[in-house]
Chemist: 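Here you go, one structure.
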2 protein chains.
Amino acid sequence: MNAAGPAGRADRRRNRQRLLEAAEAVIERDGAQASLEEIARRAGVGSATLHRHFPSRHDLLNAVFHEGVERLGRRARELADSTAPCDALAMWLEELTTYTTTTRGLATALLSTPDGAIAAEDSCHGLLHHAAARLVADAEEAGVLRTEVTVHDLMALANAISLASDGDPDSAHRLLRLALGGVLKSSPAEHPPLSRAARNAP
Amino acid sequence: MNAAGPAGRADRRRNRQRLLEAAEAVIERDGAQASLEEIARRAGVGSATLHRHFPSRHDLLNAVFHEGVERLGRRARELADSTAPCDALAMWLEELTTYTTTTRGLATALLSTPDGAIAAEDSCHGLLHHAAARLVADAEEAGVLRTEVTVHDLMALANAISLASDGDPDSAHRLLRLALGGVLKSSPAEHPPLSRAARNAP
DNA sequence: CTACGATATGGGGGGCTCCTCCGTTTGTCC
DNA sequence: GGACAAACGGAGGAGCCCCCCATATCGTAG
């Protein structure tokens with residue numbers, strides 16, 4: 001395994017580290033679909049080595065953003081313990097979107113699940129989901145969440161917003177607050193299911 | 001120009017049509033980053049021909065979705081003329097997200113501007129923006145929009161939602177209604193700008 | 001200090017992509 | 001029917017991803 005623990009050969013760890021640094025730089029410039037070849041080149045290793053360390057692009061992205069994501073996880077626990085549920089949730093989501101919008105590629109990476117598999121527990125996706133779950137549960141218990149909002153919904157929404165505002169955190173924050181507070185002043189007239197009509201229309 | 005009008009040579013128009021059909025099929029299967037080579041192959045033309053008709057991937061996507069987008073534009077006018085502003089806006093956004101989520105690749109295409117240039121007036125982006133503007137203006141005049149919601153905000157939000165719910169219209173609709181109605185029951189405690197604290201935190 | 005086996009490496013190659021050049025074919029108008 | 005502009009298509013350069021396997025390196029046991 002690539003557990004990166006102190007086990008394994010020294011050069012392996014060294015190369016892994018170099019790859020991560022190179023990846024961080026290139027991803028910052030080119031986003032989630034940076035060239036793996038260039039990353040390997042920049043790290044001074046062969047492309048095969050990159051693939052041995054990170055079998056898929058997703059693995060690489062997970063590793064690159066792991067640290068930041070863990071920080072967000074800790075922050076969630078911190079907020080949950082120190083702040084009123086409603087504010088804790090809102091603040092954390094704001095911090096989350098700040099991170100995902102300023103980090104080129106993370107949002108994209110998070111949005112697409114590892115391809116079929118349910119998000120692994122220690123993937124970025126899994127870690128964030130876990131962190132959010134606590135905040136959502138608290139907010140729900142306090143009765144401040146509107147209807148049946150799921151953790152999944154919120155994460156999807158937050159990610160989508162980051163993705164949509166393409167690198168501009170201010171824009172992302174506006175959209176987030178909009179979504180949290182609601183776009184319309186009143187519920188849109190309780191329009192009945194309307195599914196039939198709307199779904200066939202366009 | 002590739003105006004596709006009745007002017008120009010017959011084979012040109014014929015090839016353009018074939019390309020569009022092939023593109024529609026391949027994009028439906030592979031999304032916005034479908035292989036241009038395969039599209040050309042499937043249309044029975046050389047890859048150079050594809051590039052002559054559609055210099056960039058964006059141009060091709062615009063052309064493929066042009067019809068559907070125009071339909072949505074007409075629908076917007078129709079709703080604006082027949083329905084209360086608030087409902088008109090909500091219904092149109094629902095129809096929009098239905099279309100963008102069920103159409104693999106459109107959302108992605110719409111999200112990324114033609115690369116630097118301001119959305120051309122007759123691009124999908126431009127057309128939808130224009131259609132939405134009318135509905136937003138009406139809603140604003142009727143006083144049903146919360147705060148300074150811009151057309152741009154709404155389009156970004158709708159696109160983000162489509163993108164996030166990845167092909168599942170029901171999920172998209174849930175998120176949309178959530179965003180329109182608001183996630184939280186009350187505004188999140190009027191937290192002051194909070195920009196400083198939140199922005200540096202993670 | 002050395003020798004050895006497990007481990008990790010990297011270059012090269014196959015198969016794919018995008019895009020452009022340029023000789024050739026085709027449609028149209030007289 | 002012929003001439004000329006317009007459109008075409010294949011070949012080829014540059015890149016990318018990923019895998020194979022001969023080779024170099026590490027860490028340890030003697």
Side-chain angles (χ1 to χ4, degrees), chain A residues 1-23 25-27 29-64 104-105 108-109 112 114-116, chain B residues 1-23 25-27 29-64 104-105 108-109 112 114-116:
Chain A
M1 283 303 286
N2 300 336
R9 275 167 57 159
D11 52 344
R12 183 171 181 74
R13 262 170 303 157
R14 186 167 41 81
N15 280 334
R16 184 189 156 92
Q17 192 53 34
R18 283 188 186 165
L19 279 168
L20 283 178
E21 281 161 19
V26 177
I27 288 172
R29 180 163 51 77
D30 296 343
Q33 25 83 52
S35 160
L36 301 184
E37 297 262 323
E38 182 177 350
I39 292 173
R41 234 176 289 133
R42 194 175 184 123
V45 307
S47 60
T49 296
L50 186 151
H51 284 280
R52 226 171 278 117
H53 280 273
F54 307 102
S56 78
R57 178 181 295 272
H58 216 91
D59 294 325
L60 178 59
L61 292 170
N62 263 336
V64 166
R104 303 250 308 113
T108 313
S112 64
D115 208 32
Chain B
M1 283 303 288
N2 300 335
R9 279 166 55 157
D11 52 345
R12 182 170 182 73
R13 263 171 301 153
R14 187 168 41 81
N15 281 335
R16 185 188 155 92
Q17 192 52 37
R18 283 187 186 167
L19 278 168
L20 283 178
E21 283 161 17
V26 177
I27 288 172
R29 182 162 52 79
D30 296 344
Q33 25 83 53
S35 159
L36 301 183
E37 297 263 323
E38 182 177 350
I39 291 172
R41 235 176 289 134
R42 195 174 183 124
V45 305
S47 60
T49 297
L50 186 150
H51 280 92
R52 228 171 278 116
H53 281 272
F54 308 102
S56 77
R57 179 181 295 273
H58 216 90
D59 294 324
L60 178 58
L61 291 170
N62 263 336
V64 166
R104 302 248 313 113
T108 312
S112 63
D115 210 31

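Just so it is clear: chains get the letters A, B, ... in the order the sequence lines come, proteins before strands, and each one is counted from 1. Keep in mind the model is a prediction, meaning the values are calculated, not measured.
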Chemist: Does a nitrogen or oxygen in the side chain of His53(B) sit under 4.0 Å from OP1 or OP2 of dC8(D)?
Modeler: yes
Chemist: Write down the distance between CZ (Arg16(B)) and P (dA7(D)), rounded to a whole number of angstrom.
Modeler: 13 Å
Chemist: Over how many whole Å does the gap from Arg52(A) atom CZ to dT7(C) atom P extend?
Modeler: 13 Å
Chemist: Can you tell me how far CD of Glu21(A) sits from CZ of Arg18(A), rounded to the nearest 0.5 angstrom?
Modeler: 9.0 Å
Chemist: To the nearest angstrom, how far is Ile39(A) atom CD1 from dG15(D) atom P?
Modeler: 17 Å
Chemist: What's the separation between atom CG in Leu60(A) and atom NE2 in His58(A), rounded to the nearest 0.5 Å?
Modeler: 11.0 Å
Chemist: Identify every side-chain donor-acceptor pair in residues 33-49 of chain B under 3.5 Å, counting partners at least two apart or on other chains, and give the distances.
Modeler:
residue  : atom : partner  : partner atom : Å
Gln33(B) : NE2  : Asp30(B) : O            : 3.1
Ser35(B) : OG   : Glu37(B) : N            : 3.3
Ser35(B) : OG   : Glu38(B) : N            : 3.1
Glu38(B) : OE2  : Arg29(B) : NH2          : 2.5

Chemist: How far does CG of Leu50(A) sit from CZ of Arg16(A), to the nearest 0.5 angstrom?
Modeler: 11.0 Å
Chemist: Is it true that a side-chain atom of Arg57(B) and a backbone atom of Ala32(B) form a donor plus acceptor pair closer than 3.5 Å?
Modeler: yes
Chemist: Report the residues that fulfil side chain to side chain donor-acceptor pair (under 3.5 Å) with Arg9(B), sequence neighbours left out, ordered by chain and then residue number.
Modeler: Asp11(B)
Chemist: Which letter, B, S or -, goes with each nucleotide of nucleotides 12-19 of chain C from 5' to 3', with contact meaning a protein heavy atom under 4.0 Å?
Modeler: B----SBB
Chemist: At less than 4.0 Å, is any side-chain N or O atom of Asn15(B) found next to OP1 or OP2 of dA7(D)? Yes or no.
Modeler: no
Chemist: OP1 or OP2 of dA8(C) sitting under 4.0 Å from any side-chain N/O of Thr49(A)?
Modeler: no
Chemist: Expressed in angstrom and rounded to an integer, what is the separation of Arg12(B) atom CZ from dT28(C) atom C1'?
Modeler: 15 Å
Chemist: Counting primed atoms plus P, OP1 and OP2 as sugar-phosphate and everything else as base, spell out the protein contacts along nucleotides 24-30 of chain D at 4.0 Å heavy-atom distance: B, S or - for each nucleotide, 5' to 3'.
Modeler: -BSS---
Chemist: Tell me the closest heavy-atom pair linking Phe54(A) and Leu20(A), and the distance in Å.
Modeler: CZ-CD2, 3.8 Å
